[in-house]
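Proteins get letters first, then strands, A, B, ... in listed order; numbering begins at 1 in each. Keep in mind that this is a model prediction, so the values were computed, not measured.
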Amino acid sequence: MEITDPKLKEILLAELRQRLKTRGLSDSDLTEEQLGQMLIELSAGLERKADQIAEAIKPPTPEAPAPEKLSKVKEEQFLRLSLNLRLQHFVMLSSIVILIITGLPLKFHDAAISHVIITFFGGITNSAWIHRFGATGLIGVGLFHLLYTVFTVTGRRDFMLLLPKPQDLKDYVKQIKYFLGMTEEKAKFGRFSYIEKFDYWAVYWGMIIMIGSGLMLWFESFVMSFLPKFILDIAKEAHSDEAMLATLAIVIWHFYNVHLNPHKFPMSKTWITGKISKHEMMDEHSLEYEEILKTRTGDEAVKGGRS
Amino acid sequence: MRILISLCAGLISISLAVVAAPPVQKCELCHAKPGFQKKLDNGQIISLYVPPDSLAQSVHSKRECNECHRDVNEIPHKPGLQWVDCTGCHYIGNLAGAPELPIYEQYRESVHGRAALAGNKKAPICQDCHGAHNVQKYHAEGSPLNRQLLPASCGRCHIEAYRQFASSIHGKLLSEGNPAVPTCTDCHGEHTIEKPEEPGSAVFSTRIPETCGKCHAAENIVSKYGVSIEQVETYTESFHGIATTFGSKKAANCASCHGSHDILPATDQESRIFPANIPKTCGKCHPEANANWARGKIHVNASNKDAGIIYYVAAFFKWLTISTLVGLVINIILDLRRRLMKNKKS
C-alpha cells in the first residue's frame, strides 16, 4: 500500500515532520522505508476514524433487513387457526384478562396493588360487575365453542383429533428421552401434540370448574333456595383455588410455549394471523405436514389423470 | 351610740374582708350542709351540697375551691356563674402540675367536645364523666370511670345502649368480674369518641373488624375463655370481609350479624347467631335467606379439618396445583436445556 494522492502525502508529511521535530529529529534521520511506513499508518488511522464517524452518523439503511423479510414471505405458510378459532381465542383471552385482574385482588386483598386495581375500577361494587362482564364473555365463548364442536365439520374433526390416545403417552416418553439426550430423534406429532391436547383439556377442566362455581356464587340466593350453604363454600374454595391454578398455568406454561420459548420469542403471531410457517409445520406437526403433502401429490395425480 | 358605730364599722370591715378574699373555709359554711340546694328558673332543683371530705380524697386534694371556681369571689355569689373549666390547668405546658396529655385536644375534636363547644348543654364536659369534686384516677375504685362503673356512667345519657350492654355477654361477664371483656371505651374510644357514621370512629363499619379484632384476634386475651381467634381471620377471608377491606360500607361486618351492645353467644337462644335465628339475621340484607343459609359453618377456615368437605376440596386443589406446576416447570426446564444444547452444537 502506498499513498498516491500527492496532496494528502504532503499534508501527512508535514504532520509527521512536526511530530519528529518535537522529539528533536528530522525526516532525514529516518530511512525512506521507515518514513513510508509511518505515513501509511497515519493514513490508516485517519481512515479508521473516518469510518467510525461515518458509521455513527449515517441513518440506518432501510434496505438492509429486506432480504430476510423477503425470504420469510417466500416461505410457505399454513393456516392453523381459522378466523372463527382466532375470534374464539381472542374473546377468551380478553375475558380471562378481565377476570384475572378483577378477581385476583380479592384473593390477595392484603396487597397494596390490589387496592390500587380495585380503586382503578371504581371500587369493589364496580369491579364485581366488571368481573361478571368478563364472566359473561367466558361463558359465551364456552357455549359457542360447544356449538362449534358439535355443528361444524372442522370442529368435530379437531375434537376427535384432540381426544387423548395411547400414542400421546408414547410421544411424551420419546420426547422426554430426546430432552435428556437419550435419543436424537424427536417425537413426531400430527395436528395436535400431547402439549396441545393437555392445554385444551386443561382449559376444558378450568372452564367447567370456574363457570360452574362462578355461576353458583353469582346466583347464591337461588342456589341456597335448594342447596345448603356449605355447597357454596365449596364453590368459593374451588373458584379461588382453580383461578390460581389457571393463572399460574397461563403465565408459566402458556407464556413459555407462545412467548418466552427461544423459538417463539417474543411472540408467536399465529393467534393473530392464524398461520404457521413451513418450518414450524415440519418441526412441530411433521405427521400432519406429511398428510398434507400426500393429499397434494394425490390432488396433482388426480389433476394429472384428468388432463 | 359608740358601740353601735363600732359595731357597724366592724361589720363593714368584715364584709369588706369577705369581698376582698373569701377564705376557703367559708365555702363549707353553706356547701358542707347536706340538703343545701337551689331551685333553678325552670323549676329544677339542684343540690349544691359538697361532701366535706370529697375534695380532700380526690386527686385535687391540694387545690382550693376558688382555684377551679375562679369566678366565685363574693358571698352571696354573683348570678351567672360558669361551669368549672378544667382547661384552666389541664393544658399542654401548664405550670400547675396537671398531667400534660393529648387527651385535652382529642376531647375538643371528639363528638362530645364539638357538641359542648358548640353550646350544646347536654353534651358532656370533663366533670360529667370524671366527677366534679371527687375526681379520681380513672381506674381507682371510687372513679365512675373504672371498668365496673363505666357502663353505668355512660349509661346516664346512653340509656338504651347501657340496657342492652348490661344483658349482653360482655356486660354479664363484666358484672361477674371478668377482667378481659370490653366496656364502652374499649370499642368506642375515650376522648377520641366519634359517631359510628364518622369514618374516624373506631366503630365505623369498615373499622369494626379491626376494633373487635383487638381482642378477638389476640390469643392472649380471648383464648383463655375458650373463644377462637380464627373468627377475625375467617371473616377477613370471606366475601363480606374482602368487600369491607376494599371499603364497602354495605357489606356485613362483625356487628351486622353479632349485634353491637347486645352481643350474645351462638348458644344463647336470644342470640342473632343462634342457628334458628340465622335466616332472620342474614335476612336483614338478603331477604331470600332461608334455613339453608344456616346449613354449614359461617366462619369457614378451609385449612382447618373442622371445615369438613371444604378442607378436602382445598387440599385437593393445593396438591393439584403443586403437582401440575412442578410438572410443567420440569418440562419447561427440559425443553430449554435441550434447545441450549442444540445451540451449542450448531
Side-chain angles (χ1 to χ4, degrees), chain A residues 105-107 109-110 114-115 117-119 121 123-125 127-128 172 175-176 178-181 184 186 195 198 202 205 209 217 220-246 248-249 252-257 260-263, chain B residues 236-239 241-251 278-279 282 286-298 300 302-303 307-318 320-325 327-343 345:
Chain A
L106 306 197
K107 195 172 175 74
H109 48 83
D110 286 335
S114 301
H115 287 258
I117 293 168
I118 297 297
T119 311
F121 285 116
I124 189 73
T125 313
S127 76
Y172 182 58
Q175 192 73 347
I176 293 289
Y178 168 75
F179 284 156
L180 294 173
E184 282 306 306
K186 272 193 196 176
I195 291 176
F198 170 83
W205 156 263
I209 299 286
L217 295 168
E220 92 278 12
S221 291
F222 171 72
V223 172
M224 280 198 282
S225 66
F226 53 91
L227 288 173
K229 179 193 175 272
F230 74 86
I231 300 288
L232 272 186
D233 293 331
I234 294 172
K236 189 205 161 199
E237 189 60 38
H239 199 76
S240 168
D241 292 349
E242 174 62 29
M244 198 67 239
L245 172 54
L248 288 172
I252 295 175
W253 180 242
H254 191 53
F255 278 20
Y256 175 73
N257 285 328
L260 302 175
N261 182 330
H263 206 55
Chain B
T236 316
E237 294 298 323
S238 75
F239 275 120
I242 291 168
T244 302
T245 306
F246 286 113
S248 167
K249 292 176 209 93
K250 259 172 38 187
I278 283 181
C282 299
H286 305 273
E288 319 85 351
N290 59 27
N292 277 331
W293 291 54
R295 297 206 176 106
K297 289 188 80 173
I298 303 295
V300 183
S303 55
I309 187 164
I310 300 142
Y311 167 81
Y312 293 100
V313 170
F316 166 75
F317 275 103
K318 185 172 119 189
L320 180 69
T321 307
I322 291 173
S323 53
T324 307
L325 290 173
L328 295 180
V329 169
I330 288 175
N331 273 280
I332 289 173
I333 292 170
L334 287 175
D335 183 45
L336 265 177
R337 184 174 156 274
R338 179 71 203 201
R339 281 175 201 278
L340 292 176
M341 271 166 57
K342 227 166 49 177
N343 279 358
K345 273 182 197 167

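Taking each heavy atom of A:Gly181 and B:Arg338 in turn, the nearest pair found is CA-NH1, 3.3 Å. For the pair A:Leu180 and B:Arg337, the tightest heavy-atom approach, listed with the atom from each and the gap, is CA-NH1, 4.0 Å. When all heavy atoms are compared, the tightest approach of B:Ser248 to A:Ile124 is CB-CG2, 3.8 Å. B:Glu288 and A:Ser221 make their closest contact through OE1-OG, 3.1 Å (heavy atoms, listed as atom of the first residue, atom of the second, distance).
Under a cut-off of 6.0 angstrom, the local environment of NZ in B:Lys318 is sparse, with at most 12 non-hydrogen atoms contributed by other residues, nucleotides or ligands.
A side-chain N or O of B:Asp335 and one of A:Tyr256 form a donor-acceptor pair less than 3.5 Å apart.
Residue A:Lys107 holds its NZ atom at 9.5 Å from CD1 of B:Ile242, rounded to the nearest 0.5 Å. With rounding to the nearest 0.5 angstrom, the CE atom of A:Met244 is 13.5 Å from the CG atom of B:Leu320.
Per-residue counts of heavy-atom pairs under 4.5 Å with chain A were compared for B:Val313, B:Thr324, B:Ile310; the largest is that of B:Ile310.
No part of B:Ile322 comes within reach of chain A, as not one of its non-hydrogen atoms sits under 4.5 angstrom from that chain. Contacts between B:Leu328 and chain A at a heavy-atom distance below 4.5 Å involve backbone atoms as well as side-chain atoms. With a 4.5 angstrom heavy-atom cutoff, A:Leu248 touches chain B via backbone and side-chain atoms both. For A:Ile195, no part lies under 4.5 angstrom from a heavy atom of chain B.
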Audit row: B:Leu334, A:Gln175, side chain to side chain contact (heavy atoms under 4.5 Å, CB included) steps and yes/no: CA-CA 10 Å; B:Leu334 287 175; A:Gln175 192 73 347; over 6 Å; no

Where do A:Asn261 and B:Leu336 land on the side chain to side chain contact (heavy atoms under 4.5 Å, CB included) test, with the steps shown first? CA-CA 8 Å; A:Asn261 182 330; B:Leu336 265 177; 6.0 Å; no

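Using bins of under 30°, 30° to 60° and over 60° for the plane-to-plane angle, the ring pair B:Phe316/A:Trp205 lands in the perpendicular bin.
Here the side chains of B:Asn331 and A:Ile176 are in contact, with some heavy-atom distance below 4.5 Å. Side-chain contact check for B:Phe246 versus A:Ser114: some heavy-atom pair is nearer than 4.5 Å.
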Table please: side-chain donor-acceptor pairs of residues 222-238 of chain A below 3.5 Å, with sequence neighbours left out.
residue: A:Ser225; atom: OG; partner: A:Phe222; partner atom: O; Å: 2.4
residue: A:Lys229; atom: NZ; partner: A:Asp233; partner atom: OD1; Å: 3.0
residue: A:Lys229; atom: NZ; partner: A:Asp233; partner atom: OD2; Å: 2.9
residue: A:Lys229; atom: NZ; partner: B:Lys297; partner atom: O; Å: 2.6
residue: A:Lys236; atom: NZ; partner: B:Glu237; partner atom: O; Å: 2.7

